[in-house]
Protein chains: 2
Amino acid sequence: MTTDVKPRSFVSARMVAEKAGVSRSAVSRTFTHGASVSEETRRKVLDAAGALGYHVNHLARGLRERSNIVCLVVADMTTPIRAGMVDVLTRELQASGKITMVINTRADTESVSQALRQTLNYRADATVVLSGTPPATLIETCLANGQQVVLINRDDKLVGSHNLGVDNAMAGREAYFLLRRAGCQRLGLVTSDAGTASLVERERVFVDAARADGIEVAVFETGPTGYASGFEAGRRAFGRSSSPDGVFCVTDLLALGFMDAAMHEFGLRIPEDLCVVGFDDIEQAGWQSYRLTTFAQPLKDMAEQVMDLLLDPDSAGSERILFEPTPRWRKSVRPGPV
Amino acid sequence: MTTDVKPRSFVSARMVAEKAGVSRSAVSRTFTHGASVSEETRRKVLDAAGALGYHVNHLARGLRERSNIVCLVVADMTTPIRAGMVDVLTRELQASGKITMVINTRADTESVSQALRQTLNYRADATVVLSGTPPATLIETCLANGQQVVLINRDDKLVGSHNLGVDNAMAGREAYFLLRRAGCQRLGLVTSDAGTASLVERERVFVDAARADGIEVAVFETGPTGYASGFEAGRRAFGRSSSPDGVFCVTDLLALGFMDAAMHEFGLRIPEDLCVVGFDDIEQAGWQSYRLTTFAQPLKDMAEQVMDLLLDPDSAGSERILFEPTPRWRKSVRPGPV
DNA sequence: TTGACCAATGCACTTGTGTGCATTCGAGAA
DNA sequence: TTCTCGAATGCACACAAGTGCATTGGTCAA
């Protein structure tokens, strides 16, 4: 063995050109739409490319113009609602020829900072943040580098970034209305310690609406956003003297946990003894054991809006785009008083 | 306006060099671990880089050596088990400094082919396939181009590709044993029309084990893998004369749907009237309304194994690595006969 | 027959890195 | 003072593409 040169793992345009007996430019032009190549050369190039297994290097192409890479920063991916968002977004991005880099981050700031830096390292054209708390300075760096930034369900007011969100206030009001119409007297609210803007707003509007009618709401906050916290909230809610008969849970997962505690730990019937309203309309909310009345986030619409923003190069951004959650009437709320 | 030259969106090493008054090589070396740079130059470069907001372009870096990109090909991402896989894998990849490209594909072959091609276009070092049916020829192309290929829960026997999977046979046998010990007489099996190798194997082993004891199993196959199919299976199972009293569902989602139909449509008690065993141990299986006895896929272990394979450059591959699913005893199966 | 014109092609430059090689510079030893 | 050695630095090239510009070859009309 004189040479240690093992066959190059990736074939380049140069190698195709050699095999086809043409110039490298010809290869390049063959794979560029609208370039001027004779039919004969084109065929020779395509034959050689097929034989060698050639694939255009999008990384090198991205060196000159745009990379077509979009970064998706997301936390709590196993949560049904988040999984749904990632699913619809990746699908939509792919359909437009973009490629998706997923950055899975825990909630802590340091982790997100690192993630955002990766975004810049790989020259992503845009960054879509589904969660976490990216420091404003880092997002500004993204913007300064010409990236487009889309924030979903967050309430930062960063100049230049796009902001999508659902109308939480509407959901809070509507939830209160539903429970009152069902004749509920002792209202409760279940939330998490996440302190996300969306969650806080739903809580605030619901509590305020009740207070305007002179009704005080019992608030339960037992841990992170999830089934377990809802279950624990249920345990506490019914383990004492005055227990609620109508509850708004700011998230479906919380609601399902709460319902399970009420049903299986305390033998309550839903909706006869207890009415529950959730938010998100995750798949499980429609399962026969729960049939939760809730609000659906228009995921598909939001994803399409994101694509419109990304594909429009000179979209100004920085105004907040609100989406109407659509109510899903199921069986966890009575149509009227008992 | 004489010039139309707007400030370059991304700052390059050249610009940093100019501002710092050093050569571009110095900048490059500052950001390369172990290179020879004086402390003074390093500081000047870092200052300039900070002021300009410079970030190393990993795309250009990837032109020379490896790209550090790993492609994750996945279908049915909203499914809890898949979401869990994507979550743990992205987390693990990130921890090793890899970047994850998610390719969301429908089950059809054409879609997956296109996805695999993207993988090659972006010079991914490796491809991890969670699902779908990539044609063998395409995977061979990946291998020929020096990519590592990891197939999870599939049964292709492609030379050079790594194969991870869980011991489906063990689960099938164990499920049969559990139901028999509970005293179940009329066994049923719920599966989907997906025809995945894993699903088929679980079904086959379960049915064979029963047949060996002279017991015939009623098989229900009503649609794609999911809650709705399980529910429909339940409807059919109890809508006729001889209904099962012990059922193995090849997936938790099928099991939960089946249980809901049994409980809410036919008023059956679990486990008194009906025993159910699932597979996957998704989060919902532990919820209070179900408490499903099932088998957990060792997601974390599998992800770590994937990382070991990817980080070891000369791992031969092509042998199948089996993982033991761990049984989760809950309440959907009686400990003994009624 | 010759000028004009157009399609096809190749050369050379661009993008942003990392790095081998040569050069420079300064310090320490003889 | 001079020689040696190592650290620091810059030049130039490689990587894999796209593309402006010049050149070539062929066809058609005058």
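Order of the sequence lines sets the chain letters (A, B, ...), proteins ahead of strands, with each chain counted from 1. All values derive from a computational prediction rather than experimental measurement.
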(message) Angle between the end axes of the helix from C:dT1-D:dA30 to C:dA30-D:dT1, five pairs per end, to the nearest 10 degrees?
(response) 50°
(message) Suppose we screen for salt bridge (Lys or Arg N to Asp or Glu O under 4.0 Å). Which residues come up paired with A:R14, at least two apart in sequence or across chains?
(response) none
(request) Quick one: list whatever passes salt bridge (Lys or Arg N to Asp or Glu O under 4.0 Å) with A:E304, sequence neighbours left out. (result) A:K300
Nucleotide nearest [X] (side chain, heavy atoms from C-beta), chosen from [options]:
X: A:R64; options: C:dT19, D:dA16, D:dA17; result: D:dA17
X: A:S28; options: D:dT19, C:dG10, D:dG10; result: D:dT19
X: B:R24; options: C:dT9, C:dG16, D:dA12; result: D:dA12
X: A:A60; options: D:dT9, D:dA17, C:dT17; result: D:dA17

Using a 3.5 Å cut-off and no angle test, enumerate the donor-acceptor pairs between side-chain atoms of residues 85-93 of chain A and protein atoms at least two apart in sequence or in another chain.
from: A:D87; atom 1: OD1; to: A:R91; atom 2: NH2; distance (Å): 3.0
from: A:D87; atom 1: OD1; to: B:N104; atom 2: ND2; distance (Å): 2.7
from: A:T90; atom 1: OG1; to: A:V86; atom 2: O; distance (Å): 2.8
from: A:T90; atom 1: OG1; to: A:D87; atom 2: O; distance (Å): 2.9
from: A:T90; atom 1: OG1; to: B:N104; atom 2: ND2; distance (Å): 2.9

(request) Might you work through the side chain to side chain contact (heavy atoms under 4.5 Å, CB included) test for A:V74 and A:V102, ending with a clear yes or no? (result) CA-CA 7 Å; A:V74 57; A:V102 165; 4.1 Å; yes
Provide, to the nearest angstrom, the distance between the [atom1] atom belonging to [X] and the [atom2] atom belonging to [N].
X: B:L59; N: C:dG16; atom1: CG; atom2: P; answer: 12 Å
X: B:R14; N: C:dT17; atom1: CZ; atom2: P; answer: 11 Å
X: A:F31; N: D:dT19; atom1: CZ; atom2: P; answer: 15 Å
X: A:R29; N: D:dG18; atom1: CZ; atom2: P; answer: 10 Å
X: B:E40; N: D:dA7; atom1: CD; atom2: P; answer: 18 Å
X: A:R43; N: C:dT9; atom1: CZ; atom2: P; answer: 12 Å
X: B:F10; N: C:dT17; atom1: CZ; atom2: C1'; answer: 15 Å
X: B:E18; N: D:dG10; atom1: CD; atom2: C1'; answer: 15 Å

Taking any heavy-atom pair under 4.0 Å as a contact, classify [X]: base, sugar-phosphate, or nothing.
X: A:V37; value: sugar-phosphate
X: B:S36; value: base
X: B:S25; value: base
X: B:S38; value: sugar-phosphate
X: A:R123; value: sugar-phosphate
X: B:T32; value: sugar-phosphate

(message) Near DNA chain D, counting only heavy atoms under 4.0 Å, which residues of residues 50-58 of chain B show up?
(response) none
(message) By the definition side-chain contact (heavy atoms from CB on, under 4.5 Å), identify the one residue from B:L72, B:V149, B:T119, B:L309 that meets it with B:V128.
(response) B:L72
(message) Between B:L116 and B:T127, does the side chain to side chain contact (heavy atoms under 4.5 Å, CB included) criterion hold? Intermediate values first, please.
(response) CA-CA 8 Å; B:L116 261 311; B:T127 301; 3.9 Å; yes
(request) Return the 5'-most residue of the pair B:A26, B:L63 with respect to DNA chain D, ranking by each residue's nearest nucleotide. (result) B:A26
(message) Please find the pair of heavy atoms, one from A:F10 and one from A:M15, that lie closest to each other, and give the distance.
(response) O-SD, 4.3 Å
(request) Work out which heavy atom in B:L311 is nearest to a heavy atom in B:S96; give both atom names and the distance. (result) CD1-OG, 4.1 Å
List, one per line, each side-chain donor-acceptor pair under 3.5 Å for residues 40-56 of chain B, sequence neighbours excluded.
from: B:T41; atom 1: OG1; to: B:S38; atom 2: OG; distance (Å): 2.6
from: B:R43; atom 1: NH1; to: B:D47; atom 2: OD2; distance (Å): 3.2

